[in-house]
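Numbering of residues begins at 1 and proceeds along the displayed sequence.
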Amino acid sequence: MANTDAPNGFTPAYHLYGGTIRPQKLRIASGTSAAIFNGDVVNLSSGYVIQGTATGTPAGVFAGCFYTATDGTPTYSNFFPASTATLGSADVEAYVYTDPGIVYEAQFTAGTPAVSFIGAKYTITTTAGSTNNGRSKEGVTATTSSGIALLNRFVDSPSNSIGANARGYFSFPTSVFAV
C-alpha cells in the first residue's frame, strides 16, 4: 500500500534514554515576522526562537506559545502568527522541546528513502503550516547534504512502508542544547 502524503511536522514519539518529554520555556520577540507552527523545527537568533531553516542548527521543536495581545487578552496558541505584536512589546513565551534525547516522528516529503538511510542525517523541508489548526507541514527530504535530522528507524506500522512518503523516527544530535 502506498503511503499517504500528509506531512505534519515533528511529533515527539519517545526519549532515547527514558527521560521525560516536556517543552521548555524560551522567548519569541514581539512582532517576529515569520509564523511558527506546532511541530516546526526552530532555531535561535540572539537568544530568541525563530522559524527554523532547512540546515540551521536546531534549538528544538515548537509546541506552542503564550502572550498578552495588544488589547490585554491573555492568549495561548499552538502556533505563533507572523508579525504578532504584544502588549507593551513584551516577549512571547515559547514552549519548545529542547532535549536532544527526544525522538520525533516525521514524514519524508521528497525522494524515496530505503533501509540504507538509517543512521544518516537529512535536510528538513520548511513548508508553511496551517493557520486553520496551527499544525506544521514540515517533513524531511531524502537529501543528506548538510542534513540535521538523523533517521533512527522507520515507523513500524501497517500504514507505513519504506519508500516514498515513509514516516520515520528522527533526532537532532547537533542541537544547540546537545552537550
Side-chain angles (χ1 to χ4, degrees), residues 4-13 21-100 102-111 121-143 145-150 165 167 170-178:
T4 303
D5 183 12
N8 65 343
F10 291 80
T11 303
I21 297 175
R22 64 176 162 251
Q24 302 299 313
K25 199 183 308 184
L26 298 174
R27 297 170 182 262
I28 300 172
S30 176
T32 294
S33 63
I36 307 172
F37 296 89
N38 179 284
D40 277 356
V41 174
V42 294
N43 298 143
L44 290 180
S45 176
S46 299
Y48 286 97
V49 171
I50 60 169
Q51 170 64 38
T53 60
T55 59
T57 303
V61 173
F62 189 74
C65 62
F66 176 82
Y67 58 92
T68 303
T70 55
D71 67 359
T73 304
T75 305
Y76 177 83
S77 179
N78 64 343
F79 78 103
F80 174 76
S83 303
T84 297
T86 59
L87 185 65
S89 296
D91 291 340
V92 174
E93 292 179 359
Y95 299 98
V96 179
Y97 297 106
T98 59
D99 186 339
I102 297 174
V103 178
Y104 304 89
E105 182 177 329
Q107 182 178 48
F108 277 98
T109 58
K121 293 180 191 173
Y122 297 90
T123 305
I124 63 167
T125 58
T126 54
T127 305
S130 169
T131 56
N132 291 331
N133 63 16
R135 189 66 190 162
S136 174
K137 292 184 182 177
E138 288 186 350
V140 180
T141 66
T143 305
S145 174
S146 302
I148 60 171
L150 174 71
N165 301 316
R167 298 192 70 78
F170 297 89
S171 58
F172 299 105
T174 55
S175 165
V176 297
F177 295 109

Decide yes or no on ring pair (Phe, Tyr, Trp, His ring centres under 6.0 Å) for F172 and F10, but give the supporting numbers first. CA-CA 11 Å; F172 299 105; F10 291 80; 5.5 Å; yes
Any chance you could measure L87, atom CG, to T73, atom OG1, to the nearest 0.5 Å? 9.5 Å
Tightest non-hydrogen contact, residues S83 and S33, listed as OG-CA, 3.7 Å
What's the separation between atom OG1 in T98 and atom CG in L26, rounded to the nearest 0.5 Å? 6.5 Å
Residues V140, T109; criterion side chain to side chain contact (heavy atoms under 4.5 Å, CB included); working and verdict: CA-CA 6 Å; V140 180; T109 58; 5.9 Å; no
If you compare all heavy atoms of L150 against all heavy atoms of P173, which two are closest, and at what distance to 0.1 Å? CB-CD, 3.8 Å
Taking salt bridge (charged side-chain N to carboxylate O under 4.0 Å, His left out) as the cut-off, I'd like each qualifying pair that reaches into residues 27-39, sequence neighbours left out, listed once. R27-D91
Ring-ring centroid check F177 Y97, cutoff 6.0 Å: no
Between T84 and P81 (side chain of the first, backbone of the second, donor and acceptor by atom type, cut-off under 3.5 Å), is there such a pair? yes
Can you name the closest pair of heavy atoms from T70 and A85 and give their distance? CG2-O, 3.7 Å
E138 versus T126: any side-chain heavy-atom pair under 4.5 Å? yes
When rounded to the nearest 0.5 Å, the distance separating CD1 of I148 from OG1 of T174 is 6.5 Å
Would you mind listing every side chain to side chain donor-acceptor pair (under 3.5 Å) that reaches into residues 34-45, with sequence neighbours excluded? N38-R135, D40-S136, N43-T53
Qualifying residues under side-chain hydrogen bond (donor to acceptor under 3.5 Å, both in side chains), relative to S30, sequence neighbours excluded: T86
Can you tell me how far apart OH (Y95) and CG (N78) are? Round to the nearest 0.5 Å. 13.5 Å
Donor-acceptor check, side chain of T141 to backbone of T123, threshold 3.5 angstrom: yes or no? yes
Any sub-3.5 Å donor-acceptor pair from S130's side-chain atoms to N132's backbone N or O? yes
Exercise: identify the closest heavy-atom pair between A82 and A35: CB-N, 3.5 Å
How long is the span from the OH atom in Y104 to the CD1 atom in I21, to the nearest 0.5 Å? 8.0 Å
Between CG of N8 and CD of E105, what distance do you get to the nearest 0.5 Å? 7.5 Å
Among all residues two or more places apart in sequence or in another chain, which pass the salt bridge (charged side-chain N to carboxylate O under 4.0 Å, His left out) test with D5? none
Partners of Q107 by side-chain hydrogen bond (donor to acceptor under 3.5 Å, both in side chains), sequence neighbours excluded? none
Side chain proximity check, Q24 to V96, heavy atoms < 4.5 angstrom: no
Nearest heavy-atom contact between A59 and S175 is O-OG, 4.1 Å
Kindly state each residue pair satisfying ring pair (Phe, Tyr, Trp, His ring centres under 6.0 Å) with at least one member in residues 62-92, sequence neighbours excluded. F37-F79
Any donor-acceptor N/O pair, S77 side chain to T75 backbone, under 3.5 Å: no
